[in-house]
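Worksheet: one structure, shown below.
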Amino acid sequence: MTAALLAGLLAGYGIAIPVGAVGTYLVSLTARTSLRTGVCAALGVATADGLYALAATLGGTALAGALRPVLGPLRWVCVLVLLGLAVRGAVTALREYRGHRLVTRTAPAPPGPARAYAGLLGITLLNPTTVIYFAALVLGSRATGPAGPVEQGVFVLAAFAASASWQVLLAGSGALLGRALTGHRGRLATALVASGVMTALAVRMAVSPG
């Protein structure tokens, strides 16, 4: 259970830490509205991450039985997927940093807490990287041994909690910390940290006994 908890926390932080367009919007939204609205928006992002973790866990369980004969090679495919996501995130961040390009969006009238939650939930659900990330993690971990319902539940809850804690931190930071995290250097740093987490997960998966 401890392993599932740690895996879920690492997975949640790995997908949540990069401060991209959603994180930038979350910080600016809190600065323009209120902490309550920002926290609701943050929970919308975390809910989407939790739903994808749950879907990947349930789907991974169903697929594991059918794919059991090839789970060994599949684990290495998943390792490569995670490494690919890590490299892609780092390269994209470096390219944007060198080009000094920041994503800017025209902001409509600030939403209320309910609209903020639903809006950020929908935006995050449309991100294909999230489902690919969790699917690779879950399917890769299946190759190292079966996981029961309790471990699966702990993994999903830990992933949600990790994502929620980071998103709420972003929301609570408001304009002060937001300038540091959503500026050129801040976005580069958070992207590189997240790529490092994904790489660590891939290495952990590769060296685990199969």
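A side chain to side chain contact (heavy atoms under 4.5 Å, CB included) with Val156 is found for one member of Leu54, Asp49, Leu51 and no other, namely Leu54.
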Walk me through it: do Leu83 and Thr199 pass the test side-chain contact (heavy atoms from CB on, under 4.5 Å)? CA-CA 6 Å; Leu83 289 176; Thr199 301; 4.0 Å; yes
Mind running side-chain contact (heavy atoms from CB on, under 4.5 Å) on Leu170 and Gln167 for me, showing each step along the way? CA-CA 5 Å; Leu170 281 182; Gln167 305 300 342; 3.8 Å; yes
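Note on Leu120 and Phe160: separate hydrophobic clusters, where clusters join Ile, Leu, Val, Met, Phe, Trp and Tyr whose side-chain heavy atoms are under 4.5 Å apart, directly or indirectly. In the hydrophobic cluster analysis, where Ile, Leu, Val, Met, Phe, Trp and Tyr join through side-chain heavy atoms closer than 4.5 angstrom, Val150 is grouped apart from Leu157. Placement of Tyr52 and Leu43 within a single hydrophobic cluster is found when ILVMFWY residues are connected by side-chain heavy-atom separations under 4.5 Å, directly or transitively.
Residues Tyr13 and Ala162 approach most closely at CE2-O, 3.3 Å, considering heavy atoms. Summarising the geometry of Leu26 relative to Ala41, their closest heavy-atom pair is CD1-CB, 3.5 Å, with the distance given to 0.1 Å.
The backbone N or O of Ala159 sits nowhere less than 3.5 Å from a side-chain atom of Ser163 that would complete a donor-acceptor pair. Judged by distance alone, the side chain of Trp166 and the main-chain N or O of Ala16 form a donor-acceptor pair under 3.5 Å.
Taking the side chain as every heavy atom from C-beta outward, Phe155 and Leu5 never approach each other to under 4.5 Å.
Qualifying side chain to side chain contact (heavy atoms under 4.5 Å, CB included) partners for Thr37, counting only residues two or more places apart in sequence or in other chains: Leu29, Thr33, Ser34, Pro113, Ala116.
Considering CZ of Arg36 and OG1 of Thr30, their distance stands at 13.5 Å, rounded to 0.5 Å.
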